[in-house]
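Just so it is clear, the values below take in all heavy atoms, side chains as well, and ignore hydrogens, waters and symmetry mates.
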Amino acid sequence: MIAVPAVATERASAKFVFTHFNTDNSAGIHSNLYIFVLGLLMSQYTLTGYDASAHMTEETKNADRNGPIGIISAIGISIVVGWGYILGITFAVKDIPYLLSPDNEAGGYAIAEVFYLAFKSRYGSGVGGIVCLGVVAVAIYFCGMSSVTSNSRMVYAFSRDGAMPLSPVWHKVNKHEVPINAVWLSAFVSLCMALPSLGSLVAFQAMVSIATIGLYIAYALPIFFRVTLARKHFVPGPFNLGRYGVLVGWVAVLWVVTITVLFSLPVTYPVTKDTLNYTPVAVGGLFILVLTSWVVSARHWFKGPVTNLSG
């Protein structure tokens, strides 16, 4: 946020940072509005994961209050720090086509090239940029660790309810009360999902889009049922939005519907079999599989979440 724009010998103007749209791009997208919409999707992807606080509530003191505070804090911190980070990067950007060129020092990885050029312009060497990139790598590692932690708790919860194949295996906890088998399963699945990126970036990007849409749909469903079917008999917890809860709930649901449509749009033109956004097909296929599983089998034996509270 501070080092890169401070070190850079040339900085972009405020007009460039806040009003320029990169319409001269290799993606074939020349509409300012379309570029703005695609930019929204990146921020939506970045803000996902705040549900980790909910998945960790069984290991949280005063979870009925601290869980929601954790969610709101994660969003607030991400917005403030993310905004500052983006501003710091974009003020150091001068030549967008060169940053995206596969012939530059970073092989077309724009962020790495920004870091590299900022330090090279000042000190004649891009080593400082590589160090900054190391900071980003550490942050990405923590993101991955957070994802595995959150996912392992979901595996634990589903297996506790008998909704996972081999549920007794994934439901086991070690002496530290950590669902260790679920953690290893989550790490293994994460590895398997990352491997396709070595052969096909399109396949990996499709999985990322599917995961993002899936997360937001999962966020929106309980909110939707809260403001519709359960509106009259829902019992609020100690942390609630009061009379504004229903209004905020409907805004959230409508926003998720909007971004779900946006995530399904092509990100490269012309559209070919290699550039087609397969997200709608994959999400629709998964939805059909889940719904079929429920109708054929799960509705006959699944009785809902199992409580850990006695009495």
Side-chain angles (χ1 to χ4, degrees), residues 1-50 73-147 194 197-198 201-202 204-205 208-209 211-212 267-269 275:
M1 291 170 57
I2 300 173
V4 173
V7 167
T9 55
E10 293 184 273
R11 299 179 187 87
S13 65
K15 180 180 180 181
F16 175 85
V17 170
F18 292 106
T19 65
H20 178 75
F21 289 86
N22 183 34
T23 54
D24 184 19
N25 56 71
S26 59
I29 300 174
H30 308 296
S31 166
N32 289 357
L33 178 61
Y34 205 108
I35 293 173
F36 174 76
V37 165
L38 294 182
L40 279 181
L41 300 184
M42 181 56 69
S43 62
Q44 288 297 137
Y45 172 68
T46 305
L47 290 173
T48 55
Y50 43 80
S73 299
I75 298 171
I77 293 170
S78 295
I79 290 174
V80 174
V81 178
W83 177 252
Y85 174 72
I86 290 173
L87 286 181
I89 294 298
T90 49
F91 270 107
V93 169
K94 293 294 290 183
D95 187 351
I96 295 178
Y98 181 72
L99 293 179
L100 299 174
S101 171
D103 297 325
N104 64 30
E105 291 87 343
Y109 181 31
I111 298 299
E113 185 66 12
V114 170
F115 292 168
Y116 182 84
L117 291 178
F119 281 86
K120 186 176 181 180
S121 66
R122 173 75 64 178
Y123 303 110
S125 171
V127 174
I130 297 175
V131 173
C132 284
L133 195 62
V135 175
V136 174
V138 172
I140 292 173
Y141 171 79
F142 283 123
C143 287
M145 186 169 64
S146 173
S147 297
S197 64
L198 301 176
L201 197 58
V202 174
F204 180 73
Q205 290 172 341
V208 171
S209 297
T212 307
V267 295
T268 303
Y269 288 88
T275 60

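- Counting only heavy atoms from C-beta outward, the side chains of Val127 and Phe119 never approach each other to under 4.5 Å.
- Contact of the Ile96 side chain with the Phe16 side chain is registered, since non-hydrogen atoms from C-beta on lie closer than 4.5 Å.
- In this structure, the separation between OG on Ser31 and CG on Leu38 is 9.5 Å, given to the nearest 0.5 Å.
- A pairwise comparison of heavy atoms in Val114 and Ile89 identifies CG1-O, 4.1 Å as the closest pair.
- No side-chain donor-acceptor contact under 3.5 Å links Ser101 to the backbone of Pro97.
- Minimum heavy-atom separation, Leu100 to Ala110: CD2-CB, 4.0 Å.
- Between Glu105 and Glu113 there is a side-chain heavy-atom pair separated by less than 4.5 Å.
- From Trp83, atom CH2 reaches atom CD1 of Ile79 across 11.0 Å, with rounding to the nearest 0.5 Å.
- In plain terms, the two heavy atoms of Lys94 and Arg11 that are nearest each other are NZ-O, 3.8 Å.
- The distance from atom CG of Asn32 to atom NE2 of His20, rounded to the nearest 0.5 Å, is 9.0 Å.
- Rounding to the nearest 0.5 angstrom, the gap separating the CD1 atom in Ile29 from the OG1 atom in Thr268 is 6.0 Å.
- Heavy-atom neighbours of Phe18 CZ from other residues, nucleotides or ligands within 6.0 Å: above the threshold of 12.
- Two residues are said to be in side-chain contact when any heavy atoms from C-beta on lie closer than 4.5 Å; Tyr116 and Leu133 fail this criterion.
- Of all heavy-atom pairs spanning Asn22 and Ile35, the tightest one is O-CD1, 3.6 Å.
- Across Cys132 and Val4, no two heavy atoms sit closer than the pair SG-CG2, 4.5 Å.
- Residues Asp103 and Tyr98 are not in side-chain contact: their nearest non-hydrogen atoms beyond the backbone lie 4.5 Å or more apart.
- In Ile2, the CD1 atom is not crowded: 12 or fewer heavy atoms of neighbouring residues, nucleotides or ligands sit closer than 6.0 Å.
- At least one donor-acceptor pair closer than 3.5 Å links the side chain of Ser147 to the backbone N or O of Cys143.
- Considering all non-hydrogen atoms of both residues, Ala8 and Ser121 come closest at CA-OG, 4.2 Å.
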